[in-house]
Structures are given as C-alpha cells and as structure tokens.
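In what follows, a single structure is set out as structure tokens and then discussed.
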Amino acid sequence: MSNYPKPDNETLLEIYRTANLIKQNDERIIKLMMAGKLVMPYYSPRGQEIIPSAVSASLEDDDYICTIYRGLHDMLAKGFPLDEMWAELAGRETGTCKGKGGPMHLTCPERGMMVTTGIVGSSMPIATGLGWAAKLDGKNRVSVANFGDGAANIGAFHESLNMAALYELPVIFICQNNRYAEHTSFDDSSKVETISIRAEGYGMPGVTVNGNDPDEMYGAAKVAIDRARAGEGPTLIEATTFRFNGHLLGESGAYMDKDLYAQAQADDPMPILRKRLVDEGIASEDEIAAIEADITARIDAAQKAAFDAPFPDVIELKRDVYAEEID
Amino acid sequence: MSNYPKPDNETLLEIYRTANLIKQNDERIIKLMMAGKLVMPYYSPRGQEIIPSAVSASLEDDDYICTIYRGLHDMLAKGFPLDEMWAELAGRETGTCKGKGGPMHLTCPERGMMVTTGIVGSSMPIATGLGWAAKLDGKNRVSVANFGDGAANIGAFHESLNMAALYELPVIFICQNNRYAEHTSFDDSSKVETISIRAEGYGMPGVTVNGNDPDEMYGAAKVAIDRARAGEGPTLIEATTFRFNGHLLGESGAYMDKDLYAQAQADDPMPILRKRLVDEGIASEDEIAAIEADITARIDAAQKAAFDAPFPDVIELKRDVYAEEID
Amino acid sequence: MTDTNKMDMIGAINAALHDAMTEDETVLVLGEEVGDKQEGGVMGVTKGLSTKFGTDRVKSTPISEQAIIGAAIGAAVGGYKPVAEIMLMNFIAVPMDMIFNHAAKLRFMSGGQTNVPIVIRTMTGSGFSTGGQHSDYLEAWFAHTPGMKVVAPSNPDDAYGLMRSAIDDPDPVLFIEHLPSYWTPGEVTKQRIPIGKARVAREGTDITLVGHSLTVGQGLAAAEELAKDGISMEVIDLRSIAPWDKEAVLSSARKTGRVIVAHEAVKEHGIGAEIASVVNENLWGELKGPARRIGSAFCPVPFSKPLEEAFAPNAAKIGAMAKDMMG
Amino acid sequence: MTDTNKMDMIGAINAALHDAMTEDETVLVLGEEVGDKQEGGVMGVTKGLSTKFGTDRVKSTPISEQAIIGAAIGAAVGGYKPVAEIMLMNFIAVPMDMIFNHAAKLRFMSGGQTNVPIVIRTMTGSGFSTGGQHSDYLEAWFAHTPGMKVVAPSNPDDAYGLMRSAIDDPDPVLFIEHLPSYWTPGEVTKQRIPIGKARVAREGTDITLVGHSLTVGQGLAAAEELAKDGISMEVIDLRSIAPWDKEAVLSSARKTGRVIVAHEAVKEHGIGAEIASVVNENLWGELKGPARRIGSAFCPVPFSKPLEEAFAPNAAKIGAMAKDMMG
Ligand SMILES: Cc1ncc(C[n+]2csc(CCOP(=O)(O)OP(=O)(O)O)c2C)c(N)n1
Ligand SMILES: Cc1ncc(C[n+]2csc(CCOP(=O)(O)OP(=O)(O)O)c2C)c(N)n1
Ligand SMILES: [Mg+2]
Ligand SMILES: [Mg+2]
C-alpha cells in the first residue's frame with residue numbers, strides 16, 4: 001500500500017469538497033424526512049463519503065458507474081446534478097427519472113451514472129456488461145460497480161467477477177464493507193475475514209483498504225482504474241467503512257455492536273479530513289467554510305426548485321414502459 | 001496428500017467392483033441407445049467411475065447425496081438399485097420414479113440418493129440443506145454434493161459454499177472437473193487453474209486431487225467425510241477426471257482438444273486399476289472376471305425386467321403433483 | 001406470546017410460527033434477518049423464535065436467496081418443515097430456479113418418493129413509495145406452476161390459520177404477506193384455515209367481487225358505498241390462490257350473475273384472467289355479462305405518490321366498475 | 001450464408017443474426033456455447049458468427065446465467081444491442097431477477113433515460129423425453145411483466161423476420177424457439193415481421209384457433225381434419241405474445257363467434273386465460289359461447305413417452321374441442 005500513488009493537495013481538497021457535499025446533502029434529506037416533507041425509504045451513506053469521493057478523483061465524466069439503494073454518495077461524487085436529484089427525491093416531474101424511479105433508481109447517463117438498483121448484488125452483472133461496452137468502444141473508459149459487504153455473498157457477485165476476469169473487462173468492483181448488511185453483521189454472514197480474499201478465486205487482484213482514509217482509497221482506486229484503462233482487466237477493492245445512520249433511516253440500531261459503533265463514530269472521516277486540510281495548510285478554515293457555505297447554497301436552491309415543481313401527470317404510467325406510449 | 005489414509009486391499013477391490021458396475025452399465029445403455037431401444041438424453045459418466053466409487057467407500061447407506069444429469073456413476077456407487085434404475089430409464093411404471101423422472105431425475109431416498117437435477121449448479125444449495133438436516137438429526141450423517149467444473153462458475157456454487165461454511169454443515173462438495181462443460185473447455189470458462197482455490201474465499205478447506213487415482217480420491221474423500229462427521233464442517237474437493245463420451249451421447253466431439261483426449265484415453269482409470277489389482281495380488285484375473293460376469297448378469301436381469309414392465313397409465317399426470325391426486 | 005386474541009398480522013404470523021415450532025420440532029425457520037440478534041426480521045415477524053428455539057432451528061442467513069430456498073428444499077427432503085423467508089416478493093425472482101424447477105417439481109419427478117414441505121414467506125404491496133423493485137405482486141407466476149400452492153391472507157385470523165395449514169401441508173406453499181396490512185388488528189381464533197377454501201367476506205346478491213390481500217378491504221369499502229346506491233355486492237376473499245376455490249366463486253357468480261376479479265398485480269395475465277375464464281366457461285348463459293378484471297396499471301410500480309396511487313386498484317375503481325356492470 | 005431461400009428454423013435464425021451483425025456493428029451475441037470453438041451453439045444456431053465477427057462481439061460464456069443477462073443489460077445500456085442466449089427456457093428461472101427487475105424496468109425507472117434493447121433467445125418444447133426441467137413453456141411470466149416483449153415464431157420465415165424486428169426493437173424481447181420445429185424447412189423471404197402483428201395461417205368461418213409455436217401446426221392439422229366434417233376453422237398464428245394482436249384475434253372471433261386458444265404451457269394461468277378474457281370482455285353477445293383454452297396438463301413435463309404425449313396439446317385435442325363447440 002505504501003506504493004500507492006498519493007493524492008496531491010488539490011485532489012485532497014476536491015475529495016473533501018465532494019465528501020462534504022455528500023454529507024450536507026444527507027443531513028438535509030434527513031432533516032426534511034424528520035419534518036415529514038420527504039417521504040421515501042432512505043438508506044443514508046453518512047460515514048461512507050470518502051470512498052466515492054476518492055474513487056471519483058480518477059474517473060472521467062464518461063466512465064460508467066452502477067450503484068445501489070445506498071448510493072447517493074456514489075452518485076454525487078460522479079457529478080449527479082443536484083437539482084434533478086432533489087426533484088426526483090421529491091417525486092416531481094422535473095426529477096431525473098420524472099419522479100418514476102425515486103431514490104433507489106436514480107439515473108443520469110450524462111454523468112455515467114447508468115443504473116441504480118434496489119436488488120442486492122445486481123449492480124455487478126450490469127456493471128460487467130458496461131465494462132464490455134466500454135472495452136468495445138475502445139476509448140479506455142472504465143466501469144465501476146459499487147456494492148456492500150452483504151452483496152458479496154450472493155451469486156451475482158461470483159458470476160460477475162468470474163466473467164469480468166475471464167474477459168479482462170475494465171471493471172472496478174468496489175465492495176463498501178460497512179460491517180453490516182441490514183441488521184446482520186459481517187461476521188455473521190461469512191467465515192472469511194476479508195471479501196478481497198475472494199479475488200484470487202477469479203484470477204484478479206483484490207485488496208482491502210481503509211475506505212475512510214483518502215490516501216489509501218485514492219491510491220487503491222487509481223491503481224485499479226489505471227489498470228482497467230490499460231486493458232489489464234478488473235480489480236476487486238474492499239473498502240472498509242461504517243454507516244452511521246444504520247440500514248434504513250428510522251431504525252433503532254439496537255442490533256449494532258456498541259463498541260464498534262462508538263469506535264466508528266470516533267473515526268468519523270469527515271472531521272478528520274477537515275482537520276487535516278487545515279493542519280497541513282492545504283486550505284484555511286475560512287476557505288473550507290466558504291466551500292461548505294457554497295454547497296449549502298446549492299442544496300438550498302436544489303431543494304427549493306424541487307418542491308416548487310409539479311408532480312408528474314398520471315399519463316406517465318403509460319410512458320417509458322416501452323419506447324412507444326401504451327394506448 | 002501423502003498423509004491421506006490409503007484404501008486397504010478389500011476396499012480397493014470394492015472400488016473396482018463399483019467402478020466396473022458403472023462402466024458396464026454405461027456400456028449397456030449406450031448399446032441399447034444405439035439400437036434405438038432406449039430413447040433419452042444421455043450424459044455418459046464413462047471415465048469418471050473412480051470418483052464416486054472411491055468416495056462411497058466412506059459413505060453409509062443413510063448418508064445423503066445429490067447429483068446431476070451426469071450422475072449414474074454417483075448413484076450406482078451409492079447403491080442405487082439396478083432394477084428400478086433400468087425401469088426408470090425405460091420409462092416404465094416400475095421405475096424408481098414411476099417413469100416420470102427419467103435419467104435426469106433418478107431418486108432413491110432409501111439409499112440416500114435424494115435429488116438428481118438437470119439444472120447446472122442446483123445440486124449444491126439442496127445438498128447444503130440436506131447437510132443442515134443431517135446436522136439437526138445429530139446422527140453424524142453427511143451430505144455430498146456432486147457437480148461439474150462448469151457448475152463452479154454459477155451463483156449457486158458461491159452461495160452454497162459460503163452458507164455451508166458459515167453453519168459448519170457436514171457437506172462434501174465434489175467438483176468433478178472433467179475439463180469440459182458441454183463444449184466449453186475449463187480454460188475458457190475461468191481464469192483460475194483450479195476450482196479448489198476458491199475454498200479459501202469461504203473459509204473452508206479445498207483440495208485438488210486426481211479423481212482417477214483411487215488412492216488419492218479415497219484419501220481426500222475420507223478426510224473430508226470424517227471431518228464432516230466430526231462436526232468440523234464442509235470441504236471442497238476438486239477431482240480431476242475426463243469424460244470419454246463427450247457431453248451428450250451422439251455428439252461429434254470435434255470441439256475437444258485432440259491431445260488432451262488422447263492422453264485421457266491413455267490414462268483410462270479402469271484398465272489401470274484392474275491391472276493393479278492383479279499386479280499387486282489383490283485379486284486374480286479369474287476372480288476379477290467372476291466379479292465382472294456377476295455384474296453383467298445383474299445388468300441383464302435388470303434390463304430384461306425393465307423392458308418387460310408396463311408403461312405408466314396417463315392417470316399418473318394427475319398424481320404426485322401434490323400429495324393429493326388432482327381431480 | 002400474548003394471550004389476548006386481538007393481534008395484528010405480524011403478531012398472528014409470529015404466533016403461528018411460534019405454535020408450530022412448539023408443537024413440532026421439525027419446523028424450522030430461515031431467511032435474512034430472522035434471528036433475534038438481527039431483531040427478529042425486518043418487520044419483527046420472526047421475533048423471539050431464535051431465542052426460544054435456538055439458532056440451529058432458526059437460521060439468520062447471508063444474503064443468498066438461492067441458498068436459502070435450496071437449503072429449505074434440502075432440509076425438507078431430509079424430513080424437516082422449513083419456513084423460509086424471501087424478504088420481499090420482488091427478490092423471489094432471484095431463487096426462481098430453486099422454486100420453479102426444484103421445490104415445485106421434486107415430488108412429481110421422483111414419482112412421489114420425495115416431497116418438499118416448505119413454506120416460503122414473502123411480503124409485498126405498494127403504498128410506501130418504495131418504487132419499482134419492492135412491491136410487485138407475482139402470484140400468477142406461481143399459480144401457473146404445477147406443484148406450488150399459494151395463499152394470501154387479508155387479515156390476522158386468516159394469516160394465523162393459513163400459516164398453520166401451510167406448515168402442515170406436505171407440498172411447497174408460497175405465503176404472501178401484504179405489507180400495508182401488517183398493522184391492522186383483528187381477532188385471532190387460532191383455527192387452521194384449509195388451503196383452497198375461500199371465505200364470503202360480505203354477502204350480496206347483485207354482483208360478486210373476488211379479491212385477496214389488499215383488494216378484499218377495498219371490495220368491502222366499495223360494497224359499503226354501493227349499498228347506498230342500492231347495489232348489493234358480495235365480497236369473496238380467496239385466501240388461497242392456488243388452488244383457488246372454484247366452487248365458492250362459481251356459486252356466488254351463479255347467484256349474482258356478475259363477477260369482478262380484483263388484484264394488485266398488473267391486470268394483464270394476472271390471476272383474474274384465469275378466474276374470469278373459468279367463470280365464463282362454466283356459467284355461460286347464466287351470467288349477465290362477462291366476468292371482468294381490475295388490476296394495477298401495466299407498468300412497473302412508480303415512485304412518485306400521485307403515480308403510485310393511480311397505479312393500484314382502489315375501492316373507487318371497484319365501485320365504478322360495479323356500477324358500470326349494473327348498467 | 002447460403003443464398004437459397006429454403007431454410008430450416010436454425011438456418012433462418014442464424015441468417016437473421018448474421019445479417020443483423022453485418023449491418024449493425026453494435027449487435028452482439030453472448031451465451032453458453034455460442035462460439036465456433038464450441039461448435040456455434042448446442043443446435044448450431046450461432047454457427048459462424050464468432051469466426052466472422054470475432055470473439056469481442058460474440059462471447060461464449062461460462063455457465064453464469066445471471067451474468068449473461070446482466071452483461072447483456074449493461075452492454076445495452078452502454079449503447080449496444082446484445083442477443084443473449086439462455087439455452088433452454090427452464091434455465092431462464094435462474095436469471096429471472098435480471099430480466100424481471102432490471103431489463104424490463106430500467107426504461108421506466110429511469111424515466112426513459114436508459115433503455116435495454118436486448119433480445120433473449122431461448123428454446124423449449126416437449127417431445128424429446130428430456131423430462132421435467134428441460135421443456136417448459138413460460139411465456140405467461142413474461143407477458144405478465146410490463147416492459148417485456150415476447151415473440152414465438154412457428155416457422156422459418158417468421159423466425160427470420162421476428163428476430164430482425166426483435167434486434168431492432170429498443171426494448172427487451174424474449175425470443176422463444178420451439179425446439180421440435182428447428183429442422184422443419186420453409187421459404188424465408190427475409191422480410192421483417194412487425195412485433196405485435198398476428199398472421200392468419202388459414203382462413204375459416206366457423207371457429208377461430210389462436211396458437212403460437214407448436215400449436216399453429218397442430219391447429220392447421222386439426223383444421224384439415226375438421227374440414228372433412230364441414231367445419232371451417234380459422235387458424236391464427238400469434239407470432240407475438242406480448243404485445244399480442246388484439247385486433248386480429250377479435251376480428252376473427254367476431255367473424256366465427258367461437259374461439260379456442262391453444263398453447264403448450266400448462267393451461268391454468270397460461271396466456272390463453274388473458275386472451276380468452278379479452279375476447280369474452282369485448283365480444284359478449286357476439287360469441288356463440290365462451291372462448292375456451294387448451295394447454296398442457298397441470299403437472300411438470302413427464303419423462304415416459306406415453307405420459308409426455310398425453311401431457312401436451314395435439315391436433316386431436318384441438319379438433320375434439322372444436323367439434324364440441326360446434327355442438
Ligand atoms: C436480492 C435481495 N435480497 C435482499 C434484499 C433486502 N436488502 C436490502 S439492503 C440489504 C442489505 C445489504 O447489505 P450490504 O450489501 O452490506 O449493503 P449496505 O446496505 O450495507 O450498503 C438487504 C438484505 C434486497 N434488496 N435484495
Ligand atoms: C442453469 C443451467 N444452464 C445451462 C444448462 C445446460 N447445460 C447442461 S450440462 C452443461 C454443462 C455442465 O458442465 P459441468 O458442470 O462441467 O458438468 P459435466 O457435464 O461436465 O459433468 C450445461 C451448460 C443447464 N442444464 N443449467
Ligand atoms: Mg453493508
Ligand atoms: Mg465438466
């Protein structure tokens with residue numbers, strides 16, 4: 001890991017900017033949900049911000065990603081437009097999916113955000129196919145599959161990794177190991193200590209890194225992405241992390257190991273990175289505050305525009321089922 | 001592997017007896033199919049006889065096995081009654097499944113032969129469940145899942161091995177790696193050189209042995225079966241072998257690597273074991289010939305009884321769909 | 001377990017599992033999150049079971065739907081009666097092979113030598129803004145599958161009684177739980193409800209509404225309204241979808257001469273088509289018009305509230321069709 | 001490719017794939033055994049494609065049905081038009097999640113931003129003694145799935161034309177190949193056949209037979225026999241099952257006043273139920289009796305020849321029902 005390329009100061013600041021957008025966005029959603037203004041199932045990515053922020057530092061707009069219900073962080077890091085996202089969460093016709101998809105199916109092909117799925121494991125086979133498309137295009141594009149630790153035990157994981165390795169597809173499999181799958185702890189779902197150990201069984205490189213550490217996460221992702229772009233095939237990255245708001249917003253969290261939870265809270269990557277930026281002189285407190293204020297303003301605007309927009313008309317039930325409208 | 005327990009002479013002779021039954025049975029089926037007297041899809045196990053013969057030496061009647069369309073060898077080694085088997089192949093009402101199942105679904109619970117499936121990979125999850133039942137029973141029974149090299153790339157493999165390891169179930173996963181899945185070579189289906197390497201990814205022991213060598217196969221199976229009986233959990237055994245009659249009887253075999261095929265023929269385990277029995281003085285040529293003649297007679301009888309029996313009545317379409325007959 | 005007979009659906013199913021496991025130690029439970037360490041199921045349906053009956057009989061599983069159903073099938077073939085949970089009905093597409101090709105067919109294919117006494121519990125139902133992959137009704141797939149039984153209680157008493165019968169049943173039963181009805185309380189008599197028998201939820205003379213799950217309550221509400229206009233609607237709660245109670249439906253249809261079948265699954269190729277066809281085939285000449293059907297719109301379940309509401313059947317749609325049929 | 005227009009179904013589908021791949025380089029092919037190294041498909045349907053178009057565009061896959069469909073979906077979302085093979089229709093239960101929750105829904109859930117222009121080829125049909133897991137017809141599952149289209153050619157000309165239209169189609173199309181018809185030759189005009197349009201295979205005035213795949217030929221044979229008794233049966237070949245040609249069926253039904261829908265899938269909850277219901281709903285008062293249905297017996301496909309024959313529909317059953325309806 002010491003060999004990993006390190007993010008430069010500018011990149012580190014960019015990682016923070018992205019991660020802060022994710023964090024503030026999450027906090028705003030929760031606030032509105034608590035106030036009864038947003039009604040939806042919500043799987044908060046709070047605590048996992050660094051992973052996609054560090055990964056995306058090496059991605060281009062036209063690289064592909066697929067993610068899951070717990071994927072707002074992945075999407076925002078990929079550049080998902082805030083306005084369309086908020087309008088979608090609010091179920092409005094101006095939403096990126098015209099209000100038809102909702103939080104679990106946010107999609108934005110212009111930013112390479114191709115598929116969001118609510119079915120555990122299903123991001124992987126589809127990202128494999130996007131990797132095939134990318135390879136055929138011959139433009140050195142890559143495809144990223146995000147999924148959780150729980151998803152690593154489902155059949156689709158196995159088939160996808162084997163196929164991607166066999167065809168040497170430019171796919172980066174990012175297992176965000178947040179120690180829990182719903183209420184099931186990582187230890188109760190498998191005998192193994194890391195998911196990355198499975199990579200060898202497909203003949204692909206596999207690493208476990210601290211996903212909350214921007215250096216490690218950036219480095220591992222960059223190596224994998226470069227490898228994929230160079231036509232050398234897929235990589236499995238297990239990024240360890242923690243989800244601070246449990247599985248589904250509103251749950252009790254009683255199933256969680258208290259010590260593990262307390263430790264994770266103490267290791268919250270957001271204040272750590274913020275402090276580091278200041279300590280290392282990468283940005284001043286004022287500069288960071290300005291960045292954060294700017295993000296707040298963007299979220300304000302997106303939120304307002306979303307709630308001002310109309311709901312979709314019921315005719316939409318007949319549209320987008322097929323290319324042609326149903327009569 | 002040198003640490004493996006070795007079969008004693010009696011066991012070795014028993015392995016030969018079983019393997020010869022499998023071989024003669026296969027040859028008879030092919031003869032009748034060529035003559036148009038048996039009509040069915042047939043997946044010959046010729047070449048793979050040693051594997052189940054050596055495994056079954058350590059199994060009891062009430063141990064469970066699940067196998068696949070290419071499974072006559074596994075079943076005969078487990079003690080499947082010849083008469084009912086032949087009657088089933090001939091589609092007669094005296095068949096073990098009353099003629100309803102046919103070659104791909106032969107079942108004989110009295111001999112622990114619980115499920116035969118035509119769906120690649122599906123023997124594994126079910127054998128896992130039988131392992132759970134065996135563990136609950138508390139009688140040190142084990143459950144064997146037979147499957148092919150091709151099946152090792154399907155999702156059910158992954159889920160089953162992970163679950164069996166997690167619950168420490170008494171399951172022995174036997175991957176009969178005959179180098180081909182239909183017309184796809186092992187090398188074209190995965191980047192890895194052995195299937196057994198995947199065991200580590202589930203936290204269970206995995207070994208690759210020469211399935212055609214009775215010593216190795218017996219030893220590896222005995223260790224795994226003893227381990228399972230002792231409550232220490234599952235094992236993945238990859239048994240290398242070759243299928244001499246291709247995937248489906250009647251195919252051209254043109255897809256097969258000629259050198260590989262020639263080498264496999266030269267390594268045919270049946271004459272090798274036969275010669276060894278004589279060379280090592282375990283049985284005389286006459287004794288072996290008598291064993292073989294006895295088997296021939298048993299097959300003759302089973303075949304005759306099968307073809308003398310009546311076909312099932314069409315009322316059977318309404319029976320065994322549910323416990324109660326459909327009206 | 002509480003002694004009072006007033007329970008909601010969650011409590012009723014929990015009580016049924018509790019009672020069955022107490023009376024018969026071959027009854028097992030498995031699925032994601034079902035153990036008490038995981039809070040006894042995402043909705044608490046299995047609460048208390050692992051504590052009381054132990055984690056050998058109550059297995060909280062990895063996210064491995066194929067292995068869950070496979071393990072249930074294996075344990076069933078090995079003499080147990082597993083109740084497997086597939087958390088949401090949409091996820092049942094994942095282990096579809098295990099259900100369709102194995103659970104439903106093993107009895108027939110083995111000529112009655114084996115059988116698969118499993119219950120597959122699953123929940124579904126739109127109304128919680130969960131979008132396209134979390135609230136489909138797929139009962140028609142299973143009703144089209146010989147070997148499967150399907151039940152769908154609309155109230156706690158039926159939930160208890162049908163669960164007990166499903167567990168008793170020697171064949172695989174899909175048990176559909178309507179999520180939005182989980183918290184509606186009702187009297188629970190703890191009587192078994194025979195599979196295949198419908199219930200007249202309200203008597204009437206002008207028109208027959210055949211429903212299950214959601215549409216029973218909607219039918220009752222519609223009947224209440226129609227009564228004000230002097231239209232007397234009989235409401236039949238199917239309770240069992242496969243087999244369904246032809247006698248009850250036909251005798252009501254004979255009386256009223258008008259039939260509406262309503263279900264939350266999309267109308268096209270839903271179970272309403274079969275029921276309407278049977279009604280038309282049997283009562284031609286006695287009916288005042290063709291049996292008609294109400295189902296959800298022919299599209300995936302939409303996220304945005306106004307669309308989700310327009311998507312599903314409701315009392316008003318039933319009432320309007322009834323009036324239309326009364327001429 | 002041969003120049004003559006006389007082809008069997010295998011040749012026609014092969015020609016359609018060949019022509020589509022030649023004209024449009026985004027057309028891809030994937031599935032088990034589809035490459036020439038593997039002999040171009042188990043029945044040779046994809047023969048020559050990998051040699052001509054290369055193994056980047058024609059991927060012979062591991063046995064990984066979820067990854068096959070997932071990869072097809074991903075490549076489709078990435079701008080390609082993959083034709084994926086699921087060898088036999090029973091195996092389609094394995095990737096059911098990929099088809100039902102993803103391929104069929106992505107267009108709608110993304111609000112039309114993405115679409116999934118894939119074709120899923122699969123073969124089926126009883127008659128070859130392959131038993132319970134190799135010859136089911138499951139078209140009703142997919143017709144019940146908003147977002148899917150389903151076609152099922154009964155002859156080489158339709159096979160070519162429907163395949164070309166299916167590949168052109170911007171939405172997922174399930175393409176059902178009737179195995180026992182593979183070798184029946186016919187004239188191939190190489191015209192596209194529009195999806196959703198039926199064909200009058202034989203004109204008649206007394207009764208309408210609606211069929212597809214197997215039952216078209218049976219209907220024609222039955223019509224020939226009925227003609228001897230002075231009964232004139234019109235035979236409609238649906239060609240497309242979803243969407244199906246309501247206009248064609250209703251206008252024939254209006255003319256004859258009597259309708260039989262025949263399919264090889266089991267009768268109960270088959271597509272005949274939907275078609276019969278629509279006919280009855282629309283033509284009440286014009287019909288001479290209710291639309292009726294013929295399907296296979298309600299059981300898994302049996303192995304034994306006499307049972308397999310009794311299981312499926314045939315010309316005699318169609319003829320007998322027609323006579324019965326003529327009174
Ligand atoms: C096939 C399937 N099974 C079960 C579920 C229900 N479910 C939703 S999220 C989840 C846990 C997933 O855990 P993990 O993969 O670790 O991702 P995380 O939520 O922790 O990010 C489960 C079981 C599902 N959506 N899909
Ligand atoms: C899910 C599924 N996919 C495809 C098939 C078709 N098929 C039957 S056997 C076979 C090859 C299996 O190869 P392997 O697992 O190596 O077993 P072997 O036949 O060599 O014993 C395939 C692809 C199937 N039966 N089930
Ligand atoms: Mg997790
Ligand atoms: Mg093989």
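Proteins get letters first, then strands, A, B, ... in listed order; numbering begins at 1 in each.
Per-residue counts of heavy-atom pairs under 4.5 Å with chain C were compared for B/A133, B/S160, B/S143; the largest is that of B/A133. Ranking B/L166, B/T107, B/L106 against chain C, the residue ahead of the rest is B/T107, based on heavy-atom pairs under 4.5 Å. Of the listed residues (B/I119, B/T116, B/T117), the one with the most heavy-atom contacts under 4.5 Å to chain C is B/I119.
Looking at residues two or more places apart in sequence or on another chain, you find a ring-ring contact (aromatic ring centres under 6.0 Å, His included) between B/H247 and B/Y43.
No cation-pi contact links C/R107 to B/Y322, judged by a cut-off of 6.0 Å to the six-membered ring centre and 45° from its axis. A cation-pi arrangement is absent between B/K135 and B/Y167 under the rule of less than 6.0 angstrom and at most 45 degrees off the ring axis.
Taking 4.5 Å as the heavy-atom cut-off, the residues of residues 78-95 of chain C that approach chain B are C/G78, C/Y80, ordered by number. Scanning residues 167-176 of chain C against chain B with a 4.5 Å non-hydrogen threshold yields C/P170, C/D171, sorted by number.
A donor-acceptor pair shorter than 3.5 Å can be found between the side chains of B/Q176 and B/H73. At a cut-off of 3.5 Å, with distance as the only test, a side-chain donor of B/T96 or C/Q113 sits close to an acceptor on the other residue. For the residue pair B/R198 / B/Y202, no side-chain donor-acceptor distance below 3.5 Å is found, with atom types taken as modelled.
Other residues, nucleotides and ligands place more than 12 heavy atoms under 6.0 Å from the CD atom of C/E286.
Screening residues 75-114 of chain B for ring-ring contact (aromatic ring centres under 6.0 Å, His included) gives no qualifying pairs among residues at least two apart or on separate chains.
Of the two parts of C/M98, only the side chain, counted from C-beta on, holds a non-hydrogen atom closer than 4.5 Å to a non-hydrogen atom of chain B. For a residue to count as touching a neighbouring chain, one of its non-hydrogen atoms must lie under 4.5 Å from one of that chain's; by this rule C/E65 touches chain B with the backbone only. For a residue to count as touching a neighbouring chain, one of its non-hydrogen atoms must lie under 4.5 Å from one of that chain's; by this rule B/D137 touches chain C with backbone and side chain alike.
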> Is there a side chain to side chain contact (heavy atoms under 4.5 Å, CB included) between B/C66 and B/L130 once you walk through the steps?
Replying inline: CA-CA 9 Å; B/C66 293; B/L130 282 159; 3.4 Å; yes
